[in-house]
Each structure stands twice: as structure tokens, then as C-alpha cells.
> 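Have a look at the structure that comes next, please.
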Amino acid sequence: MIHPPTWHADARQPGNHAMSVRTRFAPSPTGFLHIGGARTALFNYLFARHHGGTYLLRIEDTDRQRSTPEAVQQILDSLAWLGLSPDEPPVFQASRETRHAEVARALLARGSAYLAYDTPEELAAQREAAEAAKRPFKYDGSRWQGLDPKDAPSVAPAIRIKAPREGETVVEDLVQGTVRVANGELDDMIILRSDGTPTYLHAVVVDDHDMAITHVIRGDDHLTNTFRQCMVYDAMGWSRPRFAHIPLIHGADGAKLSKRHGAVGALEFREQGFLPEAVCNYLMRLGWGHGDEEVIPRERAIALFDLDGVGRAASRMDYAKLLHLNGVYLRGSDDDRLTRDVLERLGRHVVSFGTLGADRVRALMPVLKERAKTLEELAASAAFAVIEGPPPLEAKAAALLTPEAKARLADLAQFLTDAPWERADLESWLRDYAEVKGLKLGQVAQPLRVALTGSTQSPPIDAVLWALGRTEAMDRILAAAEG
RNA sequence: GUCCCCAUCGUCUAGAGGCCUAGGACACCAGCCUUUCACGUUGGUAACACGGGUUCGAAUCCCGUUGGGGACGCCA
């Protein structure tokens, strides 16, 4: 019967450092790290930090067919980008197979497990028969138990753990609450395959135990597996960790999150111009809340986060809200950092530029970042500043360059020749010009904007004028006036 | 099919029996600001899945229904 081990309570006593919190994120390197996994990592990180504990990473690479070194690197890169790198070097599960086998044999020696000589084909047939008869398949290994090795078939055996038949298993889940299942539902699962490799359900338990994990925080999809894992803990006489099963993230339509919903890989968000702090903030708020707080930077998140605030229902990915949050973080970001990123993106988009262009982008950054939601948008909006010479004209912008507008620009160029080149001065010169000519400021600003940026949308025109510098600005105005 | 979990505006959530005429955020609509686009700001539309209990009183507790999700591998 299952009661939380007493040290769990002790661990929460202030002043008890003997059993500090240890969490782990345990992805399998069979693909890229998706957004759901990223959130699981985040919760593990936040929980450990909040309690002054340790946050670890274990790569579950026991499936040798599907695990790849590229995927491992991808996961590491993703976590690094999100600021969720582990406190210690990652543990590779495959490297611990000797230990897994050792525990399996210990279970055998204790009489808690037995050798099962079924072939995969036999099992598949049994499963099919059960399905055909519309009854749930439950493995029956009674014929192998207590078998004299001499009578064993000449088949490499797997090791199966004996499931309890009576009573029920109870898990006090930190998120889901008390969850119980009748032991009659469990069956004798394989812990060591016939080829000597461990199964996931077994390896996880051995590793979590050996790594002294105190809190297993993972996706909801592992909830029912937890009862199977309990069999190993209990049979070995190990105290179980605390479990916390967090709900999954779904796509906007409520179905399992997949590529057709948009970006799902953590690194895809980076490519699309999202900031890691915005992604983390968004992910944290998905399934967790603290009153009305929405913008919660890392430090604040660590201070606030705890598992009791995690909801039990699955939530849907809302890209619009992420986008909004990204805008918030973008506006609050350091100008030098943004400039660096934008220049890099522009370079990738095959725009060549010199230091003059780079300086202009930096000068414009405070007003540029006000009007972008992603780094990609930011880069696009900075493109006019980085190039030399007249910018390419957008269709809508070109339409604005009427003969009158061109004449106006020529006149304006003349007028600006003697202007002092400071932003505030430029603004008042433009206002004066409009007033003298009996025009609304917009009538002057729009043609000018088109000439300088090639677009009908840009930061305030005085800022653009100033950042471009007198020479470059004059070039562009004249080019537009003559073109 | 069996077992497990879940259920407040379109979405993320606040809500731990009276503070709820159900609050906030995103999105959407309208207005203001304005030099374009954003930002900002003001207001608006919009939810307790359904049915039974328990209680003086239920979004909050219990049961059922419906609807979602997950797990049932010599995958992880």
C-alpha cells in the first residue's frame, strides 16, 4: 500500500538540506524538441529553482533504432536557447544498461520477476485473439513462473516483473491529486528484453532512483504508466519520488499538436523571430496562472512557480497570444542585442551592407522595435535603413509618387539643405514647411516616407531622416523626385 | 473495447460555498491619440457543458450524462 515515503515530508521542512529537490527532464532523442517538451523542461527547471534544488537532463536513448546524435544536439541547442540548460552534464540512459540489467537480475533473485519465453510472434497472436474476442488483452505468464530451466523452450527469455494481483495502487500526484488503479488492471511487464536491453518503464525507474530524483514532473501521457513504474520501486523496496503529471498542449483545434498547427519545434520559434523569454513566459502561462499576472520574466517566474498552480486540463496553443507577448518582450529588449540579431537576419536574407548601414539600424532601433512583434518583422522593417541608395518601392508606395509629390520632394530637398540634422530640429523644420505651404503634415510626411523608405509605413519620419543622415537622405529624396 | 484524467468567454486563465451583476489577458468590434504603421488608451461583444442532489446559499461539494484527452508494445 502506498503512502508517500516519509522523507518527502521531511524534505519540505525548512532547514533540512539532506534531501533537497532534484528534478529532471527526460526527452528521447528521436526527433526535435517540441513545444510541449519545452514546457515540461521549463516546469522542471522552475520547480527546482523555486525550491533551491537541482535540475537535470537525461537523454532517453534506449531505442537505438530511432535515437540519433543529431536529435541529441537539437535538444541541447533548444534547451540552451530557452535558457533551460541542465545544472549538470546530461545522463545518457543507454550508457547505464549494465545497471538496468543488474537491477532486473536482482528482481529475479528476489523472486519478484521471472523469465518469460514467449516469442514476439506468440504475443502478437495473443493480442490479436483478444482483440477479435473484444476483450482487453492481459498478459498471462503463469506457465513460466516456477519453471525448471531444463524445461524451458530454446528461446531467449525476457525478464518480466510480477504485478500485484490484489488491492490497488495509489499515487498522490502533485497536479492530478489522488489517482488510484486496481492492481488487477496491471500485468507482468517486461523489464529486460530478450536481447538484454532494458525497457523504458524499467530504465526510468532505475535512473530516477540512482539520480536521486525527488520530483518527477512530466507529461500527462505518463500518468497510467506511473502505476507500472511503481511496481519496480515497490519490488526493489525503493521509496518512490513525488509525481506531477502536467497536462498536454494541443493545437488550436484541440487535437494533438502537430506541424499543421504551425511551429511546434522549439527552434522553429527562434527562426520565426521569437525571443526565448517570450516563449518561456507564454509556456508558463499555459496551464498555470497567478492572479492577473501575464508578463512574468524569469526571476519572477522562479519566485512564483509551484506545482499547486498547475491546472489539470489540457490547453491549446494560441499563437496570437504568443505573438503579442513577444512584442512586449521585444519592446523591452536591449537595443544592441536587437540590432545584432536583426543585422544577422538581414545578412542571411542576402542583403549586403556596411558599417554605415549597421549604424543606422542601431540608431533607429528604439523606434523600430516599437512596431514589430517578431525579430523577423523587425529585420524586415530595418531593411530600408541598412542599404545604400534609394530603396525599392512597394507598389502602394510607388503610387504615392505623383508628379506633384515629386515636385514637392524637390522643393523639400532644397528646403532641408540648411536644416540642422537633429531629430527635434528636423521635426520642427518639417512642421514649419507644412505650415508655410499651407499643407497638413501628412501631405509632406507621406511622400517623404516613400522616398526614404520605399514604404508607406515606417517609424516617425523625423527619426528616419535623422538616422539616415543628411547625405543619404538627400540622395534618396532627389532620386525619388527625379525618378 | 478496458482503465485513467479532464470540463469557466473563441483561446489562456482568476475563482478553494456567500466578496460573482463571474475578474484579467489575447483575439475581435467601436472611439480617442496621431506624421504612416505600431504602441498606448477608453468602451463593447463574449463563459460557469447538461441533469440531478447536498446546503439557508454552489462556478465552487457529491452522483450521473455528454463531450474531450491519455494509456493499454520485447516504443519512449
Side-chain angles (χ1 to χ4, degrees), chain A residues 26-30 60-63 65-67 93 116 118-120 123-124 127 130-131 134-138 156-160 173 175-177 179-182 184-187 189-195 197-201 203-204 219-228 245 247-248 250 252 254-256 282 285-295 311-325 327-328 331 367-373 377 381 397 400 427 430-431 434 440-446 448-450 453 455-462:
Chain A
S28 61
T30 52
E60 313 238 302
D61 53 353
T62 47
D63 185 340
Q65 271 76 49
R66 297 197 300 147
S67 298
Q93 191 159 60
D118 315 88
T119 64
L123 290 170
R127 213 166 265 123
E131 188 142 339
K134 287 196 168 225
R135 64 186 156 73
F137 173 72
K138 261 193 60 208
I159 299 181
R160 284 189 185 257
D173 193 278
V175 169
Q176 305 292 340
V179 185
R180 52 186 71 217
V181 82
E185 297 295 328
L186 274 20
D187 61 7
M189 69 167 178
I190 292 177
I191 55 178
L192 204 71
R193 300 185 188 104
S194 51
D195 67 359
T197 60
T199 58
Y200 163 77
L201 257 14
V204 166
D220 223 350
D221 48 340
H222 290 285
L223 183 56
T224 46
N225 281 331
T226 304
F227 297 98
R228 290 177 230 289
H245 289 92
L248 269 17
H250 292 150
K256 198 169 177 180
Y282 174 74
R285 281 284 293 102
L286 213 50
W288 179 93
H290 183 265
D292 290 342
E293 283 194 59
E294 295 286 349
V295 180
R312 278 160 292 251
S315 43
R316 303 182 182 202
M317 187 70 197
D318 183 352
Y319 292 94
K321 189 157 184 173
L322 203 212
L323 197 60
H324 170 264
L325 210 45
V328 172
R331 272 172 258 139
V367 285
L368 241 23
K369 71 180 179 183
E370 294 286 326
R371 30 193 55 78
K373 289 221 165 53
E377 281 180 29
S381 73
L400 244 66
E427 189 196 353
L430 286 177
R431 285 190 188 282
K440 297 179 86 170
L441 190 49
Q443 292 174 278
V444 178
Q446 275 312 80
L448 188 52
R449 192 183 311 281
V450 170
T453 71
S455 169
T456 53
Q457 304 169 12
S458 85
I461 201 65
D462 50 300

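Since the structure is predicted, the reported quantities are computational estimates derived from the model, not experimental observations. Residue numbers begin at 1 in each chain, while the letters A, B, ... track the order of the sequences.
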> Check A:Ile461 against A:Arg449 and note the closest heavy-atom contact, atom names and distance.
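Answer, listing the atom of A:Ile461 first, then A:Arg449: CD1-CA, 3.3 Å.
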> For A:His245 and A:Asp173, which I'm curious about, is there any donor-acceptor pair between the side chains at under 3.5 Å?
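Distance-only check passes for A:His245 and A:Asp173.
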> Do the side chain of A:Arg312 and the base of B:C6 come within less than 3.5 angstrom through a donor-acceptor pair of N or O atoms?
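Check fails, no donor-acceptor contact within cut-off.
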> Across all strands shown, which nucleotide pairs with B:G64 by Watson-Crick or G-U wobble geometry, both distances under 3.5 Å?
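Here B:G64 is engaged in a pair, and the nucleotide opposite it is B:C50.
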> Can you tell me, in whole Å, how much space there is between the C1' of B:A22 and that of B:G17?
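Nearest-Å result for B:A22 against B:G17 at atom C1': 15 Å.
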> If the C1' atom of B:U21 is compared with that of B:C37, how far apart are they to the nearest Å?
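Rounded to whole Å, the distance is 40 Å.
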> Calculate, to the nearest 0.5 Å, the distance between atoms OG and CZ belonging to A:Ser458 and A:Arg371 respectively.
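Nearest 0.5 Å value for the OG-CZ distance: 7.5 Å.
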> Measure from the side-chain heavy atoms of A:Leu223 and tell me the nearest of B:A25, B:C4, B:G24.
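Minimum distance to the A:Leu223 side chain belongs to B:C4.
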> Roughly how many Å apart are B:U55 and B:A14, using the C1' atom of each and rounding to a whole number?
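Those two atoms are separated by 25 Å.
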> Mapping A:Asp187 and A:Arg331 onto RNA chain B by nearest heavy atom, which one lands closer to the 5' end?
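The residue mapped nearer the 5' terminus is A:Arg331.
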> Identify which nucleotide among B:A71, B:U36, B:C74 has an atom closest to any side-chain atom of A:Pro460, counting heavy atoms from C-beta outward.
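Selected nucleotide (nearest to the side chain): B:U36.
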> Given B:U13, B:A7, B:G70, identify the nucleotide with an atom nearest to the side chain of A:Ala313.
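For A:Ala313, the side-chain atoms sit closest to B:A7.
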> Searching all strands shown, indicate the nucleotide that pairs with B:U55 (Watson-Crick or G-U wobble; both distances under 3.5 Å).
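Base-paired to nothing in any strand shown.
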> Please give the nucleotide sitting opposite B:C39 as a Watson-Crick or G-U wobble pair, both distances under 3.5 Å, or none.
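Check on B:C39: unpaired, no WC or wobble geometry under 3.5 Å.
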> Using both distances under 3.5 Å as the test, list the Watson-Crick or G-U wobble partner of B:U21, or none.
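Check on B:U21: unpaired, no WC or wobble geometry under 3.5 Å.
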> When you measure only distances, ignoring hydrogens and angles, does the side chain of A:Arg371 come within 3.5 Å of the base of B:C39 through a donor and an acceptor?
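Under the 3.5 Å cut-off, the side chain and the base do not form any donor-acceptor pair.
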> Give me the distance, rounded to whole Å, that separates B:A25 from B:C61 when you measure between the C1' atoms they each carry.
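Comparing C1' positions in B:A25 and B:C61 gives a spacing of 30 Å.
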> Is it the case that the base of B:G24 and the side chain of A:Glu294 share a donor-acceptor contact (distance under 3.5 Å, atom types as modelled)?
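Such a pair exists between side chain and base.
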> Could you please name the option among B:A76, B:G70, B:G24 that lies closest to any side-chain atom of A:Asp292?
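Closest nucleotide among those given: B:G24.
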> Check this for me, if you would: do A:Arg431 and A:Glu427 make a salt bridge, where the nitrogen-to-carboxylate-oxygen distance has to be below 4.0 angstrom?
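A salt bridge is present here (some side-chain N lies under 4.0 Å from a carboxylate O).
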> Counting the atoms with a prime plus P, OP1 and OP2 as sugar-phosphate, which does A:Leu248 contact under 4.0 Å by heavy atoms, base, sugar-phosphate, or nothing?
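Contact class for A:Leu248: sugar-phosphate only.
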> For the side chain of A:Arg127, counting heavy atoms from C-beta on, which of B:A71, B:C3, B:G73 is nearest?
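Out of B:A71, B:C3, B:G73, the nucleotide with an atom closest to A:Arg127's side chain is B:G73.
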> Scan every strand shown for a Watson-Crick or G-U wobble partner of B:C3, both distances under 3.5 Å, and answer none if you come up empty.
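Its partner is B:G70 (Watson-Crick or G-U wobble, both distances under 3.5 Å).
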> Check whether the side chain of A:Arg449 and the base of B:U35 form a donor-acceptor pair under 3.5 Å.
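Side chain to base: pair present.
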> When rounded to the nearest Å, what value does the distance between C1' atoms of B:U45 and B:C28 take?
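That atom pair is separated by 8 Å.
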> Using Watson-Crick or G-U wobble geometry with both distances under 3.5 Å, which nucleotide pairs with B:C28?
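Pairing partner, where one exists within any strand: B:G44.
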> A:Ile190 side chain: which of B:C5, B:U35, B:C74 is closest?
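So the side chain of A:Ile190 is nearest to B:C74.
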> Mind checking A:Gly311 for me? I need base, sugar-phosphate or nothing, with any heavy atom below 4.0 Å counting as a touch.
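Touches nothing.
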> Do NZ/NE/NH1/NH2 and the carboxylate oxygens of A:Glu185 and A:Arg228 come within less than 4.0 Å?
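Answer for the salt bridge query: no.
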> I need the CG-C1' distance between A:Leu201 and B:A71, as an integer number of Å.
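Nearest whole value for this atom pair: 11 Å.
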> Rounding to an integer number of angstrom, what distance separates B:G24 and B:C5 when you compare their P atoms?
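Result for the P pair: 34 Å, nearest Å.
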> May I have the distance from A:Asp221 (atom CG) to B:C4 (atom C1'), rounded to whole angstrom?
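In whole Å, B:C4 C1' and A:Asp221 CG are 13 Å from each other.
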> Do A:Ser194 and B:C74 share a donor-acceptor pair, side chain to base, under 3.5 Å?
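A donor-acceptor contact between them is present.
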> Within the 4.0 Å heavy-atom criterion, would you say A:His250 contacts the bases, only the backbone, or no part of the nucleic acid?
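Sugar-phosphate: the residue A:His250, judged by heavy atoms under 4.0 Å, touches backbone atoms but no base.
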> I'd like to know whether A:Arg285 forms a salt bridge (charged side-chain N to carboxylate O under 4.0 Å, His left out) with A:Glu294, so could you lay out the CA-CA distance, the side-chain angles of the two residues, the decisive distance to 0.1 Å, and finally the verdict.
CA-CA 7 Å; A:Arg285 281 284 293 102; A:Glu294 295 286 349; 3.2 Å; yes
> To the nearest 0.5 angstrom, please state how far the CD1 atom of A:Ile191 sits from the CZ atom of A:Arg160.
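A:Ile191 atom CD1 to A:Arg160 atom CZ measures 10.5 Å (nearest 0.5 Å).
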> Between A:Gln93 and A:Val204, what is the shortest heavy-atom contact and its length?
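Here A:Gln93 and A:Val204 meet closest at NE2-N, 3.7 Å.
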> Could you please name the option among B:C12, B:U36, B:C39 that lies closest to any side-chain atom of A:Lys373?
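Looking only at side-chain atoms, A:Lys373 lies closest to B:C39.
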> Considering only the C1' atoms, how many Å lie between B:G70 and B:U60, rounded to the nearest integer?
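Those two atoms are separated by 26 Å.
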> What does A:Phe227 touch in the nucleic acid at a heavy-atom separation under 4.0 angstrom: a base, only the sugar-phosphate, or nothing?
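No contact at all - A:Phe227 keeps every heavy atom at 4.0 Å or more from the nucleic acid.
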> Between B:C5, B:A25, B:A76, spot the one nearest the side chain of A:Thr62, thanks.
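The closest nucleotide is B:A76.
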> Report the nucleotide, chosen from B:C72, B:C75, B:U35, that has the shortest atom-to-atom distance to any side-chain atom of A:Arg66.
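So the side chain of A:Arg66 is nearest to B:C75.
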> Please tell me which of A:Glu293 and A:Thr224 maps to the more 5' nucleotide of RNA chain B, matching each residue to the nucleotide holding its nearest heavy atom.
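Mapping each residue to its closest nucleotide by heavy atoms, the 5'-most match is A:Glu293.
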> Base, sugar-phosphate or nothing for A:Ser28? Non-hydrogen atoms, less than 4.0 Å.
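The residue A:Ser28 makes sugar-phosphate contact but no base contact.
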> Quick one: label A:Leu441 by what it contacts on the DNA or RNA (base, sugar-phosphate, nothing), any heavy atom closer than 4.0 Å.
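Base contact.
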> For the side chain of A:Glu60, counting heavy atoms from C-beta on, which of B:U36, B:A76, B:C12 is nearest?
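The answer is B:A76, which lies nearest to the side chain.
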